[in-house]
Amino acid sequence: MSASPRRRAPRLALALPTLALPTLALPTLALPTLALLALALLTLALLPVIAGGQSRRPAAPVSVVETSLADLRTALEQQRVTSRELVRQYLARIGTYDVRLRATITVNPRALAIADSLDRLRAQGRILGPLHGIPIALKDNIHDVTMPTTGGALAFADLMVPHDATLTTQLKAAGAIILAKTQLTELANWTASGMPANYNGLNGYGMNPWDSRRDPRDATFDGRPVLTTGGSSSGTGTNVSFWAANVGTETSGSILSPSMQNFLVGIKPTVGRISRYGVIPITADQDTPGPMARTVRDAAILLGAMETAVPDPNDPATKACPPPAGRDYTAFLDTTRLEGARIGIPRAFFYDTAPPVPGVRFRGGLGRAQRAAMDSAIAVLAARGAVIVDPADLPSVRDTAAGRNVLAWNPCSGLEQAKGRDADCSVVLKYGMKRDFNAWLASLGDRAPVASLTALRQWNITHQRAGAIKYGQALLDISDEMDVQQDRARYEADRRKDVALAGTYGIDAAMQAHRLDALLFPAVASAGVASRPGYPSVTVPWTFVPAGDGAAGFPKGFDPKPAPYNVTFTGLACSEPVLIGIAYAFEQATRRRVAPPQFP
């Protein structure tokens, strides 16, 4: 059995105000997280806060726990708190709890200095934007020049990128403090088949605040959490108030899944709504960044701050969706938005067992608890005036011909679908990874730790004893065997089929036939379908259900805790304003979001 990978402590260096005392410099050190942060916070506690001309902290500081972006902004405007104080509180929570959760890979060494500068601007009456002085975190596959961008890969542990991602530039222009880089599944879950969600060779296993214990079952007793965190993004830090909100990325489910598992709101935008320039890719056909937050309003604020006012010349896909006026998605937050909204229920597969199709083993359907949860959600929608269209099935799910059924056509994954054994799966992801990952490495210039995907695979093999590829690298292997030139025709044919089955003959057909505003999916079940044509979804906290098979298979006396369960609204390309409005009205009618009690 492979040894557990070493735990890299999040790095923290403090920029302290100038005093008539010796300056304390804390370089990047390989100290345990808690000890490093405790030292930093002790220093802060002993020093007066003089940044920005202030002689003391506010008399009644605002708590950051479960406090929304909107409320933080109001508190800052009313001078009831400073940005420095917000950073200090968030750092204290990271120092207290991250040793149990591993939500953070790196803490921004300039966070306090940035907070001070933003406090000074505020004192001068200069407000940069809607996130002025508010701490946000980025998934660690998104470029930020102040911190390493690792993707969770050992090979990239010390990669300092030459430029910010476009979305990072946008957030900084809006006044955000990029406080940290979050945990993620290694290379956004395109490294190995069977790798647990939120595991990477650099930082180990991320844990779920709703049940932060490790899995005790023999077959999975390798350090992974007993309750999955979702992946490949991480919502853990936002869930326990390590920062106000965070940015994830999704190729297929990687914003929606961790949002649900942490009882958060997640917006998976239309592909191209948010620029991908400066984000470690899987494939440009499906990749998108998106916000993860505790409320729909917070997610809407963050989405607008991430979007560019005009298309990004470094990402042609940003021409797809024009932004709303002022890039303000809060304009669509209306508690009456459900009145008259036509919401479809895609029963086949997503709620009920789908018709049999040759080659399709799993035909879907909900368990008893999940079905009860969705019945009650539908009842809420109807009570609030929504027109429920039931059923509103996807034709490509009901079609009994394998060649026309989306359930019979999935992305190639694992060595069993390597080249020569991949006739019945889509090569879009593995082809896209070879094409786009090598292009990303080239964009780093002489900063690139390796020159190509091939070189990364070789590096991983050489460094297995250091903790690389604990679960292998089958997904990298099947990507690297693709020939970008010779396999292009196959890729293009598979891409057309992906869009036809999931989009044209799937979501498009259902929504157009029934004149729908949105489809309502249980949990985050739309991810695998909506991701292929690049359609948006908004997931909202709803309830808790028994985790997996309940206590079955666990040692005697081990009682697994219930798992969060969301509902997800999915629509056509560029329909974020409609989906956000519907999601907000549902959220406000139900208000189900709660915080995990073990991390007060």
Side-chain angles (χ1 to χ4, degrees), residues 197 208-211 215 225-231 235 239 252-266 268 343-356 360-384 386 388-394 397-398 406-407 507 510 518-531 537-554 559-570 579 582-583 586-587 589-594 596:
N208 192 318
W210 293 106
D211 192 343
D215 194 327
V226 66
L227 179 61
T228 180
T229 60
N239 191 6
S252 180
S254 290
I255 291 171
L256 299 177
S257 165
S259 293
M260 182 182 78
Q261 291 301 136
N262 283 280
F263 220 38
L264 299 175
V265 173
K268 183 269 180 188
I343 299 177
I345 311 302
R347 288 282 174 186
F349 182 78
F350 301 103
Y351 291 75
D352 303 330
T353 303
V360 177
R361 295 182 180 179
F362 181 61
R363 294 165 56 197
L366 295 176
R368 183 181 302 174
Q370 290 81 1
R371 183 175 298 277
M374 293 311 300
D375 287 347
S376 62
I378 292 168
V380 169
L381 294 169
R384 292 288 169 159
I388 304 301
V389 181
D390 188 359
D393 290 333
L394 278 57
V397 168
R398 295 200 62 87
V406 70
L407 304 179
I507 292 173
L519 288 161
L520 176 70
F521 286 88
V524 293
S526 64
V529 177
S531 61
S537 295
V538 182
T539 191
V540 182
W542 176 232
T543 190
F544 289 81
V545 298
D549 298 323
F554 287 97
D559 185 20
K561 292 178 169 56
Y565 195 81
N566 281 18
V567 299
T568 300
F569 300 96
T570 295
L579 297 179
I582 289 172
F586 177 81
E587 174 200 54
T590 56
R591 295 182 179 270
R592 294 295 185 90
R593 161 72 193 174
V594 292

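Bear in mind that the values here come from a model prediction, so they are computed numbers and not experimental data.
Here the side chains of Phe521 and Val529 are not in contact, with every heavy-atom distance at 4.5 Å or above. Looking only at side-chain heavy atoms (C-beta outward), Met374 and Leu520 come within less than 4.5 Å of each other. Considering only heavy atoms from C-beta on, Val594 comes within 4.5 Å of Phe544 through its side chain. Inter-residue side-chain proximity for Phe349 and Leu394 is flagged as unmet; no heavy-atom pair is nearer than 4.5 Å.
For the ring pair (Phe, Tyr, Trp, His ring centres under 6.0 Å) test, no residue two or more places apart in sequence or in another chain qualifies with Tyr351. The salt bridge (charged side-chain N to carboxylate O under 4.0 Å, His left out) check on Asp375 picks up nothing, with sequence neighbours excluded. Contacts of Arg591 classified as side-chain hydrogen bond (donor to acceptor under 3.5 Å, both in side chains), with partners at least two apart in sequence or in another chain: Gln588. For Arg347, the salt bridge (charged side-chain N to carboxylate O under 4.0 Å, His left out) partners two or more places apart in sequence, or in a different chain, are Asp390. Legend: residues meeting side-chain hydrogen bond (donor to acceptor under 3.5 Å, both in side chains) with Ser531, ordered by chain and number and at least two apart, are Ser252. The side chain to side chain contact (heavy atoms under 4.5 Å, CB included) test applied to Ala382 returns Ile388, not counting sequence neighbours. Checked against side chain to side chain contact (heavy atoms under 4.5 Å, CB included), Ala348 has the following partners two or more places apart in sequence or in another chain: Asp393, Val397, Arg398. For Thr570, the side-chain hydrogen bond (donor to acceptor under 3.5 Å, both in side chains) criterion is met by Ser526, Ser537, not counting sequence neighbours. Applying the side chain to side chain contact (heavy atoms under 4.5 Å, CB included) rule to Pro541 yields the partners Phe263, Val265, Asn566, Arg593; only residues at least two apart in sequence or on another chain are considered. Applying the ring pair (Phe, Tyr, Trp, His ring centres under 6.0 Å) rule to Tyr565 yields no partners; only residues at least two apart in sequence or on another chain are considered. In this structure Arg363 satisfies the salt bridge (charged side-chain N to carboxylate O under 4.0 Å, His left out) test with no other residue, sequence neighbours excluded. For Arg384, there are no salt bridge (charged side-chain N to carboxylate O under 4.0 Å, His left out) partners at least two apart in sequence or on another chain.
Atoms CD1 and CZ, on Ile582 and Phe569 in that order, are 7.0 Å from each other to the nearest 0.5 Å. Taking CG of Asp559 as the start and CZ of Phe554 as the end, the distance is 9.5 Å to the nearest 0.5 Å. Rounding to the nearest 0.5 angstrom, the gap separating the OG1 atom in Thr539 from the CG atom in Leu579 is 11.5 Å. Separation of atoms CD (Gln261) and CG (Asn208) is listed at 6.5 Å; rounding is to 0.5 Å.
Gly364 approaches Thr353 most closely through the heavy-atom pair O-OG1, 3.9 Å. Taking each heavy atom of Ala583 and Val538 in turn, the nearest pair found is CB-CG1, 3.6 Å. Residues Ala530 and Lys268 approach most closely at O-NZ, 4.1 Å, considering heavy atoms. Between Ala589 and Val380, the shortest heavy-atom contact is CB-CG1, 4.4 Å. Closest non-hydrogen pair, Leu519 versus Pro346, comes out as CD2-CD, 4.3 Å. Here the closest non-hydrogen pair linking Thr228 and Ala197 is OG1-CB, 3.8 Å.
Without hydrogens or angle criteria, Trp542 side chain to Ala373 main chain gives a donor-acceptor distance under 3.5 Å. When atom types are taken as modelled, the side chain of Asp211 and the backbone of Val226 share no donor-acceptor pair closer than 3.5 angstrom. Put simply, the side chain of Ser259 never gets that close to the backbone of Leu264: no donor and acceptor are under 3.5 Å apart. The backbone N or O of Gly235 lies less than 3.5 Å from no partner atom in the side chain of Asn239, so there is not a single donor-acceptor pair.
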